[in-house]
Structure formats: structure tokens, C-alpha cells
Amino acid sequence: MNAFAPLQLQRAVTAICPDIADRANATPRVRGERRLWWELSCCLLSSQVPYALAAAASDRIAKSDLLILPHADEADLADDLTTLLTTPLSMSGSLRRYRFPHARARQLAATTVAIHASAGSLSELIRVAGTGEAVREWLVANAPGIGPKQASMFVRNVGLSYELAILDRHVLNYMTALDITPTPIPTTSSLPRYLKGETALRVHADDIGVSVGLLDWAIWIVMRVAKTTKKEVLAA
């Protein structure tokens, strides 16, 4: 699976955790409504899509202000978002098309309407929820297209909490390599099942002496390097 033994992986992860903590401490919390919506839309749009393409699509949507104001008709909002997502995006001098424009437009429209109906704004939803765990739980229950991984990513990216884990494939591979959990859980799993994997990783984080959100950030970096190193070794 990797070019390094499990103990080497753990040592590498542990070694960079202090630097990750410094980066986290230096990152201010996101509070502006427009930026909050950008982060949420990017988390939704980046599922099975390259991050750069999702970010470009989120930039376009943010400029339209479609997500900022309440909408009486979810279908009309979905149509407007579909138009934005089906129009090719200019990236590095070439035009790229976003995958799943219709499905993601419907999901983002439903999420927008639900948030405005519940709290009036995304910032108010976060304020009322109070904790990262509560925000994640609300999003998983009410935001179509946003599962536990995407919701955890949003909470992390806006600086609300580093006590939630983003269980992507790199983290799951690390957990398998170190036998932290015998059966890796899919990142699209239900929240109760996701929490089992998060709890297992949190125990490992406690053993190392770091919050689980900082640990999985370090894991992500190390596992990407390990994957690249393995390819280089095989190609040699």
C-alpha cells in the first residue's frame, strides 16, 4: 500500500504535528457570509471533482450572490445554478466543464433554501448551532450532497473546530496500515458509522497528544508523500 512501514508512517505524522498546529493557530476563523458560502459550496462541489475545478465553480457562484439572499422558489434557484455550472470555466488558459452540474445545482439549491429557512443566513446557523459537532450534524441531516466528510471539512475550513476528523482515502489508508480500525469505512457512510471511525482515530490522536483534526491533516500530508515515493520507487 505504501513505501513506508506503519511505524515509519506514524513517526512521520507525529513529527509534523507541531508545524500543523502552528499553521492552524495562525489561521483566522472565517466569519464573512460570502466566504462562508464559498467554503460550503466548494465542499459540496468538490465531491468526485478536482479541487481546482470546484474552487473555480465556487468563485463563479460567489460572484453571482445567488446563495446570499433568500429564495422563494428552490427550482428557480436550481435552474440559475445549473446555468452557472454548465457554462465552461476558464482555468489556466483553457476551458473546463464541471461534472454533475444538474445534480450539484439541485443539491446546492436545496441546501441554500434549507439554511435560509432555518436560520436566515449561514453565519447565523453556525452561531445558533454553537459547536462544530452541531453544525456537522445539521448539515448531514439537512444539506443534500453533504455527507459527514464534506461537513467535517467545512467545519475545519472555516476554523470552527479542529476536533472533527476528515476521513478521506489517505486517512483511511493510514488507519488500515496501523490497524487502528479493522475495516475502513467509506467516506460516504452515515454519520453514526462515520463517528465510529472518527472515535477510533481520536483514540490514536490522544495517544500522540494532538487533536484529531490536526492529526488527520498531518496524515493527509504524509500519506500523499508516501504514495508519491512508492510510485517513484516502482518506476526506478
Side-chain angles (χ1 to χ4, degrees), residues 1 36-37 39-51 54 57-58 67 74 78 81 99-119 122 125-207 210-220 223:
M1 180 185 300
L36 288 171
W37 276 107
E39 293 288 356
L40 185 61
S41 62
C42 195
C43 287
L44 191 154
L45 295 174
S46 62
S47 179
Q48 302 180 60
V49 171
Y51 178 81
S58 298
L67 308 183
E74 182 180 317
L81 289 170
R99 289 182 74 190
F100 321 118
H102 301 283
R104 296 292 184 256
R106 290 193 298 270
Q107 291 169 342
L108 191 53
T111 295
T112 303
V113 170
I115 288 173
H116 283 294
S118 176
L122 184 50
L125 176 70
I126 292 172
R127 188 193 70 79
V128 172
T131 67
E133 290 85 351
V135 171
R136 178 174 66 180
E137 183 177 352
W138 192 96
L139 289 173
V140 172
N142 298 280
I146 298 181
K149 185 185 76 171
Q150 288 80 14
S152 300
M153 187 180 301
F154 171 73
V155 169
R156 169 90 54 82
N157 289 351
V158 301
L160 183 58
S161 174
Y162 288 95
E163 297 300 329
L164 306 183
I166 299 172
L167 302 182
D168 67 3
R169 68 180 186 278
H170 299 295
V171 175
L172 294 176
N173 286 340
Y174 174 89
M175 294 173 71
T176 300
L178 271 68
D179 198 25
I180 294 172
T181 180
T183 305
I185 61 172
T187 56
T188 55
S189 63
S190 66
L191 184 55
R193 192 177 178 193
Y194 189 93
L195 290 175
K196 292 182 180 179
E198 183 178 75
T199 298
L201 187 62
R202 182 172 285 112
V203 172
H204 183 60
D206 290 342
D207 290 339
V210 65
S211 67
V212 70
L214 299 180
L215 175 66
D216 72 34
W217 190 350
I219 290 172
W220 183 83
M223 294 301 285

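Atoms considered below: every heavy atom in the structure, side chains included; atoms not considered: hydrogens, waters and symmetry mates.
Here the closest heavy-atom approach between residue W220 and residue D168 is recorded as CD1-OD2, 3.0 Å. Heavy atoms only, all atoms of each residue included: I180 and A200 are closest at CG2-O, 3.6 Å. Contact detail for Y194 and R136: the closest heavy-atom pair is CE2-NH1, 3.8 Å. Contact between S41 and S58 at its shortest, heavy atoms only, is OG-OG, 3.4 Å. Here the closest non-hydrogen pair linking L81 and A109 is CD1-N, 3.8 Å. In this structure, R106 and A78 approach most closely via the heavy-atom pair CA-CB, 4.2 Å.
Taken from OG in S211 to CG in L164, the straight-line distance is 10.0 Å, to the nearest 0.5 Å. Here the NZ-OG distance, from K149 to S46, works out to 7.5 Å after rounding to the nearest 0.5 Å. Atom-to-atom distance recorded for L139:CG and T111:OG1 is 8.0 Å, nearest 0.5 angstrom. The line from SG of C43 to OH of Y51 is 8.0 Å long, rounded to the nearest 0.5 Å. Put simply, CD on E39 and CE on M153 are 10.5 Å apart, with the number rounded to the nearest 0.5 Å. Remark: L67 CG to L122 CG distance equals 9.5 Å, nearest 0.5 Å.
No donor-acceptor pair closer than 3.5 Å links the side chain of S118 to the backbone N or O of A114.
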Exercise. Please walk me through it: do W217 and V210 pass side-chain contact (heavy atoms from CB on, under 4.5 Å)?
Worked result: CA-CA 11 Å; W217 190 350; V210 65; over 6 Å; no
For this session: Go through the steps for V135 and V158 under the test side-chain contact (heavy atoms from CB on, under 4.5 Å), then give the verdict.
Result: CA-CA 12 Å; V135 171; V158 301; over 6 Å; no
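Residues I115 and W138 have side chains in contact (heavy-atom distance under 4.5 Å, counting atoms from C-beta outward). The shortest distance between side-chain heavy atoms of I146 and L40 falls below 4.5 Å. Considering only heavy atoms from C-beta on, L195 comes within 4.5 Å of E198 through its side chain.
L160 pairs in a side-chain contact (heavy atoms from CB on, under 4.5 Å) with only one of the listed residues (V155, T131, L36), which is V155. Considering H170, R156, H204 in turn, R156 is the only one that fulfils the side-chain contact (heavy atoms from CB on, under 4.5 Å) rule with D216.
Residues meeting the ring pair (Phe, Tyr, Trp, His ring centres under 6.0 Å) test with W37, sequence neighbours left out: H116. Residues meeting the side-chain contact (heavy atoms from CB on, under 4.5 Å) test with E137, sequence neighbours left out: L191. Taking Q107 as the reference, L44, R104, P144 meet the side-chain contact (heavy atoms from CB on, under 4.5 Å) condition, with sequence neighbours excluded.
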